[in-house]
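Per chain, numbering begins at 1; letters A, B, ... match sequence-line order. Quick caveat, the model's predicted, so the values are computed rather than measured.
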2 protein chains.
Amino acid sequence: MQRTPDLESRTVPEDHQDLRLWLRLLTCCNLIEGEIRSRLRTEFETTLPRFDLMAQLLRVPGGMKMSELSQHMMVTNGNITGITDQLEKEGLVERVKVASDRRSSLIRLTTKGKRTFKKMAKLHEEWIRSMFGGLSEQTRSALFEALGELKAMTRPKLSGRS
Amino acid sequence: MQRTPDLESRTVPEDHQDLRLWLRLLTCCNLIEGEIRSRLRTEFETTLPRFDLMAQLLRVPGGMKMSELSQHMMVTNGNITGITDQLEKEGLVERVKVASDRRSSLIRLTTKGKRTFKKMAKLHEEWIRSMFGGLSEQTRSALFEALGELKAMTRPKLSGRS
DNA sequence: TATTGTTATACTCTATAACTATA
DNA sequence: TATAGTTATAGAGTATAACAATA
């Protein structure tokens with residue numbers, strides 16, 4: 001059986017196993033991410049960072065500060081401002097001033113934002129299920145565990161924050 | 001032990017296992033990719049696509065056509081032209097006209113390109129090893145196999161090309 | 001002084017589509 | 001007609017850095 005060309009096919013026999021593993025990981029991720037981005041665009045006219053920001057907000061009804069969002073999404077502060085601006089203009093999120101610190105504000109989903117996001121999230125989860133669903137339960141949990149170890153090793157350790 | 005916030009932390013208990021798996025995969029990939037991009041930039045003033053293109057060329061001394069490169073790198077044709085232009089300007093690759101089809105040309109590494117790339121590849125592989133090296137042999141092969149299954153399911157099937 | 005958030009800027013990466021020159 | 005490659009364009013995504021307001 002012929003293989004379809006991709007990043008991994010650049011490897012040569014003497015390449016180290018870890019390199020092959022990395023290229024395979026990257027290829028998988030790019031394939032799935034590309035598919036999700038494309039569907040978010042065509043079906044909901046939105047983007048992955050916008051979707052992710054709304055997903056973060058959904059689980060915290062009271063809202064989150066910009067700095068919290070930037071930590072969770074692992075991008076710098078200025079980017080969060082831009083995404084929030086867009087979503088606010090469309091009435092999906094709102095900035096709420098807090099009395100305790102007048103520099104910061106809480107960002108939270110509006111009613112419209114919650115409704116809109118839940119609709120998107122439902123389909124999004126179906127897409128994911130259809131992409132991962134072909135794996136056996138055993139394979140999925142092996143993958144989950146292995147990635148957990150990898151993440152723990154790779155990420156910069158911060159001192160305790162949830 | 002507290003967890004560091006990331007994309008995965010947006011999940012709530014009722015979320016499906018596949019969604020958690022996907023977010024964990026995405027987080028791992030982004031962390032590693034970000035690290036590689038950053039090191040390629042600061043240590044070699046280059047980028048991941050440029051590095052990948054050179055990696056593709058190294059294993060085919062005779063050179064590759066633009067269309068082959070675009071298949072392997074899974075991006076559209078115009079992007080390959082741009083990256084090739086940059087690398088050619090720096091004398092790292094060259095376009096070679098072929099007699100059999102005057103529309104196409106072969107791209108291949110120059111001597112300087114080979115030398116430069118080999119130096120980068122050596123360090124690159126050390127970075128990768130240090131990032132994956134903490135995983136047990138068992139975990140690494142489980143990860144490799146699981147990702148292989150996932151890739152086979154996800155990617156669009158093309159009819160036979162190597 | 002340090003932190004929160006904003007603004008401005010610049011660059012990489014990418015897709016799309018129109019174009020040319022061959023085949 | 002179809003293919004190989006180019007060009008132009010637009011937009012996503014990101015980092016950096018200077019800045020204002022507040023702590």
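At a cut-off of 3.5 Å, with distance as the only test, no side-chain donor of A:S67 or A:S70 sits close to an acceptor on the other residue.
Residue B:S67 is in sugar-phosphate contact alone, with no base atom involved, counting any heavy-atom pair closer than 4.0 Å across all strands shown. The residue A:T47 sits close only to the backbone: its heavy atoms come under 4.0 Å of sugar-phosphate atoms, none of a base. Nucleic acid contact class of A:I80 (heavy atoms, under 4.0 Å, all strands): none.
As rounded to whole Å, 11 Å separates atom P of C:dG5 from atom CE of A:M64. For the pair A:E33 CD and C:dC13 C1', the interatomic distance rounds to 12 Å; values are reported in whole Å. Between the P atom of C:dA8 and the CG atom of A:D85 lies a distance of 11 Å, rounded to the nearest Å. Atom CD1 of B:I83 is separated from atom P of C:dA15 by 10 Å (rounded to the nearest Å). Atom CD1 of A:I107 and atom P of C:dG5 are 8 Å apart (whole Å). In this structure, A:M66 atom CE and D:dA20 atom C1' are separated by 15 Å, rounded to whole Å. Look at CE on B:M74: it is 16 Å from P on C:dC13, rounded to the nearest Å. Spacing between atom CG of A:D52 and atom C1' of D:dT14 amounts to 15 Å, rounded to whole angstrom units.
Looking at residues 35-45 of chain B, you'll see B:R37 sit with a heavy atom under 4.0 Å from some atom of DNA chain C. Contact check of residues 87-104 of chain B against DNA chain C (heavy atom, cut-off under 4.0 Å) returns B:D101, B:R102, B:R103.
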- Message: Between B:N79 and B:T76, does the side chain to side chain donor-acceptor pair (under 3.5 Å) criterion hold? Intermediate values first, please.
- Response: CA-CA 6 Å; B:N79 300 308; B:T76 53; 2.9 Å; yes

- Task: Quick one: do B:H72 and A:R10 satisfy side-chain contact (heavy atoms from CB on, under 4.5 Å)? Show the steps, please.
- Result: CA-CA 8 Å; B:H72 280 262; A:R10 88 178 191 210; over 6 Å; no

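With a 4.5 Å cut-off on side-chain heavy atoms, B:S105 and B:V96 do not count as touching. Annotation: side chain of B:L150 is not in contact with side chain of A:L31 (no heavy-atom distance under 4.5 Å).
Note on B:N79: a side-chain N or O is less than 4.0 Å away from OP1 or OP2 of C:dA15. Between A:T76 and D:dA15 there is a side-chain polar atom (N or O) within less than 4.0 angstrom of OP1 or OP2.
Across the interface with DNA chain C, nearest-nucleotide mapping of B:P49 and A:G82 shows A:G82 to be the residue nearer the 5′ end. Each of A:L106 and B:M73 has a nearest nucleotide on DNA chain C; the 5'-most of these lies closest to A:L106.
Annotation for B:E137: atom CD counts as buried by contact number, over 12 foreign heavy atoms lying within 6.0 Å.
Remark: aromatic rings of B:F51 and B:F44 are distant, center separation not under 6.0 Å.
Between the NZ atom of A:K151 and the CG atom of B:L25 there is a distance of 11.0 Å, given to the nearest 0.5 Å. Taken from CE in B:M64 to CG in B:L53, the straight-line distance is 8.0 Å, to the nearest 0.5 Å.
Residue B:M153 comes nearest to A:M131 through the heavy atom pair CE-O, 3.0 Å, listed as atom of the first residue, atom of the second, then distance.
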